[in-house]
Amino acid sequence: MKKVLSNRWFILVLRPILGAVFIYAGIVKTQSPQSFADNIAGFQLLPNEVINLLALSLPVFEIIVGVMLIIGLQLRIVSMSVLILSIVFALALGSALTRGLNVDCGCFGDGKPTVFKMWMSLGRDVLLGIAALIIWRLYSFISNPRPVESEALGDASGV
Amino acid sequence: MKNVTKFGKDMIGVWLLATASICVALLINQLRDHPLPLVYASKTQRMETAVSKVAPVVAPVLATMDHPQIISLEEFRDLVENKKAIVLDARPEIFHRLGHVPGAISLPREDFENVYAKYKGLLESYRDQAIAVYCSGSNCEDSDMVANGLVKLGCHRVLVFKGGWDQWSGAKLPQEGQ
């Protein structure tokens, strides 16, 4: 298992998938920042002064992070960002679940809030966090990620 | 020790990325047709603002205000089929275009003040008659908010079909739209 997770090909596949997920999530949210702000307000965690700022900035942050993941820019910082986002999302969802709130996370646009969907979102956040942690760990232990990727591609093509 | 330093650098990077995102987001917001205000207002607060913009003096109406009544699918169906009421769709306009109850007029909660102005004459002529409002289903608040807004604007017989579009379409009743 450890071998698979540290496999360079696995990371090369994981990165664009994770990036695409974040770009999609960001684009969906930018379509209707007011709806996303309503979703954030539903969690009853933040003051009104912060909600709209978060509803506007978070989608942009997700899109930037997604693009950087795909093109392979500053991967340690980007994967750390994804990890922090996933932890924050998971904590917010966990807190809403424990308080018995039925909220739509607004992660991928609007939807009817159900407890099942909230658990699904929580599970997805955990998976995203694990994926980010795998990438961060790999790129933390190599000084220059670029040649490693080239090496991986080179190995596979028999160069 | 080296990893701790790396971790610190990464955190600074995350902070810079977040700051850049905030700056870009605020810039994009200013370029929008309707920029989002910096301080959040709840749906109810936004609805109250919309109502006050439509009719700045509502205080006398509030004193004698009727409350919206909840109606069942059968009652709503009777109103629609026999054209006994004006039917309003409180869902976002895009959903109305995709499919709606026959004869329903789109009056989205989110764009209440602008769309109300468009149908002001019609709605004011129905002040003493039945006005039925629906949205997507039992979980949505839009029909309640629009109904309360109409009551504040002086409509006396506002009815809310709580089952909404979900119950109507689920019962395979006639639809209009794309």
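A, B, ... follow the sequence lines: proteins, then strands. Residue 1 opens every chain. What you see is a predicted model, and the numbers here were worked out from it, not measured in a lab.
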### Query
Under a single-linkage definition using a 4.5 Å side-chain heavy-atom cutoff for Ile, Leu, Val, Met, Phe, Trp and Tyr, are B:V87 and B:F95 assigned to the same hydrophobic cluster?
no
### Message
Only pairs of heavy atoms separated by less than 4.5 Å count here; which of B:A25, B:G137, B:A41 has the most with chain A?
### Response
B:A25
### Query
Considering residues, nucleotides and ligands other than B:R77, do more than 12 of their heavy atoms fall under 6.0 Å from its CZ?
no
### Message
Report, in residue-number order, which members of residues 26-39 of chain B are under 4.5 Å from chain A by heavy-atom distance.
### Response
B:L26, B:I28, B:N29, B:R32, B:L36, B:P37, B:L38, B:V39
#### Entry: Within residues 52-74 of chain A or reaching into it, pairs that qualify as side-chain hydrogen bond (donor to acceptor under 3.5 Å, both in side chains) - sequence neighbours excluded
A:K29-A:E62
#### Entry: Residue pair A:F61 / B:V14: nearest heavy atoms and the distance that separates them
CE1-O, 4.3 Å
### Task
Treating Ile, Leu, Val, Met, Phe, Trp and Tyr as nodes and any side-chain heavy-atom pair under 4.5 angstrom as an edge, say whether A:M68 and B:I12 lie in one connected cluster.
no
#### Entry: Over 12 non-hydrogen atoms of neighbours within 6.0 angstrom of CZ in A:F43
yes
### Query
With a 4.5 Å heavy-atom cut-off, do B:M11 and A:I84 have their side chains touching?
yes
## Note on the structure
By ring pair (Phe, Tyr, Trp, His ring centres under 6.0 Å), B:Y40 pairs with (sequence neighbours left out) none
### Contact list for residues 32-50 of chain A, test salt bridge (charged side-chain N to carboxylate O under 4.0 Å, His left out), sequence neighbours left out
A:D38-B:R46
### Query
Distance from A:L56 atom CG to B:I22 atom CD1, nearest 0.5 Å?
10.0 Å
### Minimum heavy-atom distance between A:V60 and B:S21, given as atom pair plus value
CG1-O, 3.8 Å
### Query
Is it the case that one hydrophobic cluster holds both A:I71 and A:V78, taking links as side-chain heavy atoms less than 4.5 Å apart, direct or via other members?
yes
#### Entry: Most contacts with chain B, counted as non-hydrogen pairs under 4.5 angstrom, among A:A37, A:P59, A:S79
A:A37
### Task
With a 4.5 angstrom heavy-atom cut-off, could you sort out which part of A:V50 is near chain B: side chain, backbone, both or neither?
neither
### Query
In the single-linkage hydrophobic clustering (I, L, V, M, F, W, Y; side-chain heavy atoms under 4.5 Å), do B:Y126 and B:F161 co-cluster?
no
